[in-house]
Trainee: 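I have a structure here, written as structure tokens, and I will follow up with some questions on it.
Just so you know, these numbers come straight off a predicted model, no measurement behind them.
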Amino acid sequence: LFAPAATEFIDRHPQQPSPEQVELRDGLLDQPAHVDPKFLYDALGSALFTAITQLPEYYPTRCEAEIFQRHGAAIARHVGPVQAMIDLGAGDCVKAERLFASLRPRHYVPIDISADYLQSAVRRLRLSYPELQITALGQDYTHALALPADIPAAQRLFFYPGSSIGNLSPEDALAMLRRIRGQCEGGGLLVGVDRVKPAQVLEPAYDDALHLTAAFNLNLLRHVNRLLDADFDVADWRHVARFDSARSRIEMHLEALRAVRVAWPGGQREFGAGERIHTENSYKFTPQSFAALLGSAGYRDVAHWSDSRGWFSVFSARA
Ligand code: AVI
């Protein structure tokens with residue numbers, strides 16, 4: 001009757017933290033603290049990002065759509081015949097779908113870490129494009145990809161829109177471009193990149209009047225609370241977005257409004273008022289700097305197209 005519950009023994013041997021928990025904990029304990037931008041994208045974060053792309057201040061999505069609309073035929077000529085289009089971070093697949101008419105791929109391979117979101121997009125595409133072979137992959141495309149073996153490398157076009165490459169450090173961007181090239185030798189890459197422009201244009205795009213980007217950034221704390229069983233109070237923090245022109249990047253941070261202590265099982269950190277957690281970089285390129293990056297990664301025959309204001313570029317290159 002009085003035998004100790006089995007859970008008593010289990011509690012004395014707490015579970016090993018997952019690699020994700022270790023990554024979060026190490027970042028929070030670092031000086032200064034940082035959290036990887038992938039943690040911005042839980043279900044609410046993804047919905048907030050979709051809303052951000054509709055804001056008047058957030059120009060990249062509209063600029064890129066304008067480029068594909070105005071220069072679609074020239075882009076298709078440069079890309080050449082496409083057998084398989086591999087869409088990195090496909091999401092709702094809408095960006096790729098707009099190119100189906102001009103690029104005419106036979107096989108479409110959307111890749112997204114959010115497999116559920118991808119499945120519903122793919123169900124819709126199968127109805128609209130019954131001839132198109134679709135292989136949806138729920139993978140984190142920033143790591144090595146497991147692609148269908150029946151598509152020869154030379155028949156692959158990698159599609160990487162939205163300037164998502166700007167969220168990687170220059171070293172990681174170079175490594176990723178090289179890795180992609182290794183998987184499409186003889187094929188090509190079509191990639192969207194955001195351009196350097198005045199801070200008066202860049203900063204409102206990352207700190208909008210409706211505070212959607214602030215909500216997107218602050219929501220990361222709730223995601224961290226769930227993953228780490230931490231006790232961040234969103235009300236203790238504010239969103240900060242600044243353009244660092246020397247590093248050519250927008251930086252997003254969360255800044256403590258007052259001195260706070262944040263705890264999680266087995267650890268804690270005190271933040272002074274004004275202390276920050278770095279949550280995202282969004283690198284901006286010149287056509288020259290991005291062409292140079294593609295060259296360092298081994299691409300050739302590089303071409304690019306801009307929107308009418310020269311705010312965004314789409315690059316096509318052979319691997
Ligand atoms: C996904 N990525 C290209 C966006 C960007 O512009 O860097 C993420 C974002 N962060 C704040 N607003 C949008």
Trainee: A side-chain contact here means heavy atoms from C-beta on lying under 4.5 Å apart; do L40 and F49 qualify?
Mentor: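 A side-chain contact is absent here, since even the closest heavy-atom pair is not under 4.5 Å.
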Trainee: Sequence neighbours left out, cut at 3.5 Å: what donor-acceptor pairs do the side chains of residues 81-92 make with other protein atoms?
Mentor:
unit_1: D87; atom_1: OD2; unit_2: Y108; atom_2: OH; d: 2.6
unit_1: D92; atom_1: OD1; unit_2: V94; atom_2: N; d: 3.1

Trainee: Under the ring pair (Phe, Tyr, Trp, His ring centres under 6.0 Å) definition, can you give me all pairs with a residue in residues 246-266, not counting sequence neighbours?
Mentor: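 Of all non-adjacent pairs touching residues 246-266, those that pass ring pair (Phe, Tyr, Trp, His ring centres under 6.0 Å) are H253-H278.
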Trainee: Only distances under 3.5 Å count here; give the side-chain donor-acceptor pairs of residues 26-34 to other protein atoms, sequence neighbours excluded, each with its distance to 0.1 Å.
Mentor:
unit_1: D30; atom_1: OD2; unit_2: H34; atom_2: NE2; d: 2.8
unit_1: Q31; atom_1: OE1; unit_2: R269; atom_2: NH2; d: 2.9

Trainee: Tell me, which pairs form a salt bridge (Lys or Arg N to Asp or Glu O under 4.0 Å) where one or both residues lie in residues 287-306, sequence neighbours left out?
Mentor: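 Every pair satisfying salt bridge (Lys or Arg N to Asp or Glu O under 4.0 Å) with a residue in residues 287-306: D301-R318.
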Trainee: Report yes or no: does S282 contribute a side-chain atom to a donor-acceptor pair with the main-chain N or O of G166 at less than 3.5 Å?
Mentor: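 Answer holds: no.
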Trainee: Does the side chain of L293 reach to within under 4.5 Å of the side chain of L174, using non-hydrogen atoms?
Mentor: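 Yes, at least one pair of side-chain atoms sits under 4.5 Å.
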Trainee: I want to check something: taking the side chain as every heavy atom from C-beta on, are I75 and L99 in contact at a cut-off of under 4.5 Å?
Mentor: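 No, side chains not in contact.
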Trainee: Among all residues two or more places apart in sequence or in another chain, which pass the ring pair (Phe, Tyr, Trp, His ring centres under 6.0 Å) test with Y141?
Mentor: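 Per chain and number, Y141 pairs via ring pair (Phe, Tyr, Trp, His ring centres under 6.0 Å) with Y160.
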Trainee: When you look at R226 and D42, which way does the salt bridge (Lys or Arg N to Asp or Glu O under 4.0 Å) test go after all the steps?
Mentor: CA-CA 10 Å; R226 284 198 307 277; D42 62 353; 2.7 Å; yes
Trainee: Answer yes when R276 and E251 have at least one side-chain N-carboxylate O distance shorter than 4.0 Å, and no when they do not.
Mentor: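 No, R276 and E251 are not salt-bridged.
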Trainee: Could you tell me which residues satisfy ring pair (Phe, Tyr, Trp, His ring centres under 6.0 Å) with F271, sequence neighbours excluded, listed by chain and number?
Mentor: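 If we apply the ring pair (Phe, Tyr, Trp, His ring centres under 6.0 Å) test to F271, skipping adjacent residues, the hits are W237.
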